[in-house]
Protein chains: 2
Amino acid sequence: MLNYSTSEENYIKAIFHLQRQDGTVTTNELANELKTKPASVTDMMKKLKVKKLLNYQPYQGFRLTNEGNKVALGIIRRHRLWEYFLAEKLKFSWDEVHEVAEELEHVSNKKLIDKLDEFLGFPRTDPHGDPIPDANGKIEISKKICLTAMALNTIGVVSSVSDQSSEILELLEHKKIAIGTKLEVKKKFEFDNSMEVKIGRQPAFTISNQLAENIFVLSN
Amino acid sequence: MLNYSTSEENYIKAIFHLQRQDGTVTTNELANELKTKPASVTDMMKKLKVKKLLNYQPYQGFRLTNEGNKVALGIIRRHRLWEYFLAEKLKFSWDEVHEVAEELEHVSNKKLIDKLDEFLGFPRTDPHGDPIPDANGKIEISKKICLTAMALNTIGVVSSVSDQSSEILELLEHKKIAIGTKLEVKKKFEFDNSMEVKIGRQPAFTISNQLAENIFVLSN
DNA sequence: CTATTTTTTTAGTTTTGTCTAAAATTATTT
DNA sequence: AAATAATTTTAGACAAAACTAAAAAAATAG
């Protein structure tokens, strides 16, 4: 496995995440995700194509090749292992780990990462509930779904929150919703797409559609 | 404390180490240390001068300012804490940690480093016996001296080995000398500067001058 | 104390990754 | 289907950090 620059790695990772949702990724989407300009994206796409990490024809959008996906999974492995380390060992709170892991993930020493994995006891998911690829790049398919997509009267374990603003954290804290909380959907209202949910045997309470769209759960 | 590029940090660190020995550092020394060209050094010296990290007049050599020394101690703190982590927690051998720490040291998140320090139990020295600066940049003055400088019949604890080639490691292993070994100097021979040393109550054995020059000990 | 050698600096390129402005292509309207 | 709008690419510049080759300054030798 070759070595890639921090910048290249950030592009690869962003494409990987965007293509999960979209299939194919566009220049503007990627520029927006990386807070850069479309022209810079085009430049980098040419580079990654030459390195055979990317399928790309001008104006047609792009996807990672198999090799590109492998590289992406390596970066994600590093990122999530460091997140786990930060939360579990250094006692960072789950909303602080992402930013620090963004820096640590670019240290790409294979032995370091494999020994870190072992030291942590081969964790299966990071503090947000996202699965950690193993040393071979294998990753469990996440059964993670959005709270809005849950069927009535099913229970899900909160595994991640996509927005991480202090505003959403304030609201989550008030509603006593955290990573690991078990939520049961009791009612959905078509008018505003709000829903009523319960935690354990406590009385049901209301969640707005905006909030529900940012909460993801693991369900059986 | 501002943020500096990886390249700037490598220069700052190298100057810090060289000026310990020399007082003032020259262009060629630094180019040699960093495996770069003198012209590149001059370019960077101008940059660091503008940032007030360096006292530098053309052709006169350079030293770090107080601010520059502070920055250097921050980098060294990060480097040595990661070395300790790698050796103590991830079970890297003491001769492997330096290279990996060279990469990790450039992640300059203060909270990360202070929490790492706490997690490790505020270690005082790295696996090579070099002191770790505290969160304020305070560092214990090392009483580390070269084996060649030890007085007869004094005992020193091996704390570091400057050369880290596999050839020297083979020899050290054969002579059963490792970090932490207590050595007592019994005789010195003027002819070839070789010396006889003892480990505990075992019979004395001979060490060449070349080897002794690469072994450093902490003595009282 | 000149002359030569060594060291250091300057000048001009190169590479990587970014940007702006303009041109080319594709998508959307009417 | 032609006109307009949006997206994407190209062309040209710039900053950081490196390099080579040449010039300038300092150190050393005869």
Side-chain angles (χ1 to χ4, degrees), chain A residues 2-15 18-19 21-64 68 71-72 75 102-103 105-108, chain B residues 2-15 18-19 21-64 68 71-72 75 102-103 105-108:
Chain A
L2 283 154
N3 244 49
Y4 301 100
S5 72
T6 296
S7 189
E8 288 171 327
E9 289 192 344
N10 284 334
Y11 276 93
I12 293 165
K13 193 174 46 139
I15 296 167
L18 288 173
Q19 75 183 13
Q21 297 156 6
D22 284 30
T24 173
V25 184
T26 70
T27 306
N28 267 357
E29 271 180 317
L30 193 47
N32 188 55
E33 175 80 9
L34 292 169
K35 273 117 183 61
T36 181
K37 297 288 175 294
S40 310
V41 171
T42 301
D43 287 347
M44 184 59 89
M45 294 308 98
K46 289 186 199 160
K47 261 183 72 178
L48 296 181
K49 185 187 180 175
V50 169
K51 297 192 179 187
K52 300 199 188 298
L53 299 177
L54 201 66
N55 289 123
Y56 163 58
Q57 296 296 84
Y59 298 103
Q60 303 302 136
F62 22 82
R63 335 185 83 257
L64 294 172
V71 174
I75 301 163
E102 285 284 295
E103 297 201 57
E105 73 187 8
H106 299 295
V107 177
S108 66
Chain B
L2 282 155
N3 245 49
Y4 301 100
S5 72
T6 296
S7 189
E8 287 171 327
E9 289 192 344
N10 285 333
Y11 277 93
I12 293 165
K13 194 174 45 139
I15 296 167
L18 289 173
Q19 75 184 12
Q21 297 157 6
D22 284 30
T24 174
V25 184
T26 69
T27 306
N28 268 358
E29 270 180 318
L30 194 47
N32 187 55
E33 175 80 9
L34 293 169
K35 274 117 186 58
T36 182
K37 297 286 172 304
S40 310
V41 172
T42 302
D43 287 347
M44 183 59 89
M45 294 309 98
K46 288 186 197 161
K47 260 181 72 179
L48 296 181
K49 185 187 182 176
V50 169
K51 298 193 180 188
K52 300 197 187 299
L53 298 177
L54 202 66
N55 290 122
Y56 163 60
Q57 294 298 86
Y59 298 102
Q60 302 303 134
F62 21 83
R63 335 187 79 256
L64 294 172
V71 174
I75 301 164
E102 286 284 297
E103 296 201 56
E105 73 187 5
H106 299 296
V107 176
S108 66

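Throughout, a chain's letter reflects where its sequence line sits, starting with A, and its residues are numbered from 1. Note that the coordinates shown come from a computational prediction; the quantities given were computed from them, not determined experimentally.
Residue T27(B) is classed as a sugar-phosphate contact, given heavy-atom separations below 4.0 Å to backbone atoms only. S40(A) comes within 4.0 angstrom of a base, heavy atoms only.
Using a 4.5 Å cut-off on side-chain heavy atoms (C-beta onward), T36(B) and M44(B) make no contact. Counting only heavy atoms from C-beta outward, the side chains of T24(A) and F62(A) never approach each other to under 4.5 Å. A heavy-atom distance below 4.5 Å is found between the side chains of E105(A) and N10(A). In this structure the side chain of Q57(B) reaches within 4.5 angstrom of the side chain of K49(B), judged on heavy atoms. Side-chain atoms of S5(B) and Y11(B), non-hydrogen and from C-beta on, never get closer than 4.5 Å to each other.
Between dC19(C) and T36(A), a contact under 4.0 Å exists linking OP1 or OP2 to a side-chain N or O.
Following rounding to the nearest Å, M45(B) (CE) and dT7(C) (C1') show an atom-to-atom distance of 15 Å. Atom CG in D43(A) sits roughly 14 Å away from atom P in dG12(D) (whole-Å rounding). Residue L34(B) contributes atom CG, which lies 9 Å from atom P of dA18(D) at whole-angstrom precision. In this entry the distance linking CG of L30(B) with P of dA18(D) reads 11 Å, nearest Å. Atom CG of N28(A) and atom C1' of dA27(C) are 13 Å apart (whole Å). The separation between K46(B) atom NZ and dT10(C) atom C1' is 7 Å, rounded to whole Å. Protein atom CD of E29(A) is 13 Å distant from nucleotide atom C1' of dT8(D), rounded to whole Å. Summarising the geometry, the separation between CE on M44(B) and P on dA16(D) is reported as 10 Å, rounded to the nearest angstrom.
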Candidate pair E33(B) and K13(B), rule salt bridge (Lys or Arg N to Asp or Glu O under 4.0 Å), full reasoning: CA-CA 11 Å; E33(B) 175 80 9; K13(B) 194 174 45 139; over 6 Å; no
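Set against dA11(C), dA18(D), dT18(C), the side chain of S7(A) has dT18(C) as its closest nucleotide. In this structure, the nucleotide among dT18(C), dA18(D), dT10(C) sitting nearest to the side chain of Y11(B) is dA18(D).
A heavy atom lying under 4.0 Å from DNA chain D marks the following residues of residues 51-64 of chain B, by number: Y59(B).
Of the residues listed (I15(A), V50(A), T27(A)), the one engaging M45(A) in a side chain to side chain contact (heavy atoms under 4.5 Å, CB included) is I15(A), and it is the only one.
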